[in-house]
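See structure below.
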Amino acid sequence: GPRLPQVVVLVGATGDLARRKLLPGLFHLASAGFIPGCRIIGVSLDDLDADGFRQVARGALDEFGARKVSAEAWEAFAASLDYVPLSGGAPALKAAVERAEQSLGTESQRLHYLSVPPNAALPVVRMLGEAGLVARSRIVMEKPFGTDLASAVSLNARLHEVFAEEQIFRIDHFLGKEPAQNILAFRFANGLFEPIWNRNFIDHVQIDVPETLGLGKRAGFYEQTGAYRDMVVTHLFQILAFMAMEPPTALEPQPISEEKNKVFRSMLPINPGDVVRGQYSGYRSEEGVDPESDTETFIALKCHIDNWRWAGVPFYLRTGKRLAEGQRIISIAFREPPKSMFPPNSGVGSQGPDHLTFDLADASKMSLSFYGKRPGPGMRLDKLSLQFAMRDTGLIGDVLEAYERLILDAMRGDRTLFTTAEGIERLWQVSTPLLESPPPVRLYAQGSWGPKPVHQLIAPHAWRLPF
Ligand code: BG6
């Protein structure tokens with residue numbers, strides 16, 4: 001755990017993310033003893049008092065918490081909660097933080113967690129400055145960080161007027177997922193894979209994150225972001241960097257960021273002609289959505305990393321809401337063997353190329369699929385696979401959820417799994433052609449795999465999903 005007790009200022013404390021992940025996560029960290037003495041001050045636009053906020057928190061634990069909440073653990077947690085409405089401004093917040101610090105009666109540290117939409121981040125940062133809550137503080141900024149290059153550059157500049165870079169933790173929760181970190185272990189702790197991890201052996205890569213979820217109550221956020229800003233420029237590109245980066249000189253924040261940033265620097269600008277944008281039918285009549293909204297709820301694209309390792313290897317990314325299945329996979333398709341001695345009707349190649357697939361589901365899964373001989377006379381080939389599931393290993397104990405892990409890292413000042421200003425600005429830069437001339441959104445049926453042209457995009461290959 002962190003060295004000092006923490007006072008957490010949770011801005012956006014009644015929002016979707018806070019209720020789904022942050023409050024249950026903080027509860028778990030507190031009740032499991034990771035953050036002794038922690039105090040949490042909720043802040044949001046809602047006009048609540050501390051008791052009202054406790055009810056919100058309790059509701060969130062009951063609805064979204066993964067664990068049973070004992071009366072004792074709840075009482076301790078409830079006692080650590082306080083609340084100030086945003087309308088109280090800097091003075092009310094300052095007073096609440098002072099109260100919390102006094103009640104701790106010892107040296108402590110602050111963690112400001114900004115779970116707010118991109119356009120609300122700056123006013124909150126200014127308020128923290130005005131309230132004098134900068135010293136002994138770290139600040140966690142939720143994604144998307146800005147909405148384009150200009151806004152990200154300006155947000156970084158304004159942020160640096162108040163907080164030093166070492167205090168800023170730009171969070172991307174996909175990097176806190178166990179399986180994402182397992183990509184690094186898999187690539188760099190073994191001798192088998194890294195020699196083939198390049199354009200000589202790999203034909204293309206797919207990062208595919210379809211979701212069955214819809215909009216929920218997030219119209220206000222989602223209408224400003226859409227699938228590209230919500231998922232691709234953040235999570236999917238971060239995962240892509242883990243897949244594509246060179247071995248870092250050490251498993252430490254700076255060398256890792258440096259290698260990731262080199263990947264981003266080598267990315268070619270996104271060509272709008274290589275992008276399919278979609279919107280599920282019915283989206284425009286969701287509560288809070290503009291009836292003529294052009295926001296995409298689906299996006300698929302092809303991108304390139306133009307360096308020695310990856311030149312000519314397309315990376316296909318796809319994600320969207322209200323699709324047929326919820327999955328998070330990375331699939332690597334290997335190149336065909338240089339020559340085939342199998343007769344054309346043997347089945348060789350008939351089920352696509354051989355693949356290595358990572359499943360970013362909570363417990364890592366991996367599979368390697370390859371052609372093998374079907375038992376019997378003659379030479380008939382079938383696609384077979386080797387499967388690994390972390391769940392079967394008995395190694396899974398009380399795993400920290402992605403947000404929990406990252407909150408704890410931020411409290412300890414460990415930046416290894418956070419993103420950098422430079423990396424994010426570069427990602428907005430490669431996104432500029434797409435953001436400036438996005439292709440029109442195409443409607444798709446709820447429960448489908450997205451609009452039809454998603455298949456043309458990947459041709460002559462095929463999407464690995466559905467399996
Ligand atoms: C969030 C996005 O960052 O990630 C959501 O805002 C998305 O739209 C979510 O549903 C997916 O995260 P996970 O951990 O459920 O895969």
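Both counts, for ligands and for their atoms, begin at 1 and track the order of listing. One is the number of the first residue; the rest follow in order along the sequence. Because the structure is a prediction, the values reported are computed rather than measured.
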**Request:** For the pair Arg415 and Asp409, find out whether any cationic side-chain nitrogen is under 4.0 Å from an anionic carboxylate oxygen.
**Result:**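 Salt bridge absent between Arg415 and Asp409.
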**Item:** Residues Glu165, Arg170: salt bridge by 4.0 Å N-O rule
**Value:** yes
**Request:** Considering heavy atoms of the protein only, find what lies nearest to atom 12 (O) of ligand 1 and give residue, atom and distance to 0.1 Å.
**Result:**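 Closest protein heavy atom to atom 12 (O) of ligand 1: His173 NE2, 3.1 Å.
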**Item:** Closest protein heavy atom (residue, atom, distance) for atom 16 (O) of ligand 1
**Value:** Arg328 NE, 2.6 Å
Near [X], which atoms of ligand 1 are under 4.0 Å from a heavy atom of that residue?
X      : answer
Phe174 : 12 (O), 16 (O)
Arg218 : 2 (C), 5 (C), 6 (O), 8 (O)
Asp230 : 2 (C), 5 (C), 6 (O), 8 (O)

**Asked** Given His235, Lys321, Met231, Lys143, which has its nearest heavy atom closest to atom 8 (O) of ligand 1?
**Response**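 Looking at heavy atoms only, the winner is Lys321.
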**Asked** Who gets closest to atom 10 (O) of ligand 1 by heavy atom: Arg20, Glu211, Lys177?
**Response**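 Considering heavy atoms of Arg20, Glu211, Lys177, the nearest to atom 10 (O) of ligand 1 sits in Glu211.
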**Asked** Counting heavy atoms not belonging to Arg187, are there more than 12 under 6.0 Å from its CZ?
**Response** yes
**Request:** Assess whether atom NZ of Lys365 is packed by more than 12 heavy atoms of other residues, nucleotides or ligands within 6.0 Å.
**Result:** no
**Asked** Taking C-beta and beyond as the side chain, do Trp310 and His304 meet within less than 4.5 Å on heavy atoms?
**Response**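 They are not in side-chain contact.
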**Prompt:** Applying a strict 4.0 Å limit to heavy atoms, is Tyr222 in contact with ligand 1?
**Reply:**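 Per 4.0 Å heavy-atom rule, Tyr222 does not contact ligand 1.
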**Message:** Geometry only, no angles: is Tyr403 polar-contacting ligand 1 at N/O separations under 3.5 Å?
**Reply:** no
**Prompt:** Which word best sums up how the rings of Phe237 and Tyr228 line up, parallel for under 30°, tilted for 30 to 60°, or perpendicular for over 60°?
**Reply:**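 If you compare the ring of Phe237 with that of Tyr228, the planes turn out perpendicular.
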**Prompt:** Among Asp290, Thr297, Thr295, which one satisfies side chain to side chain donor-acceptor pair (under 3.5 Å) with Ser293?
**Reply:** Thr295
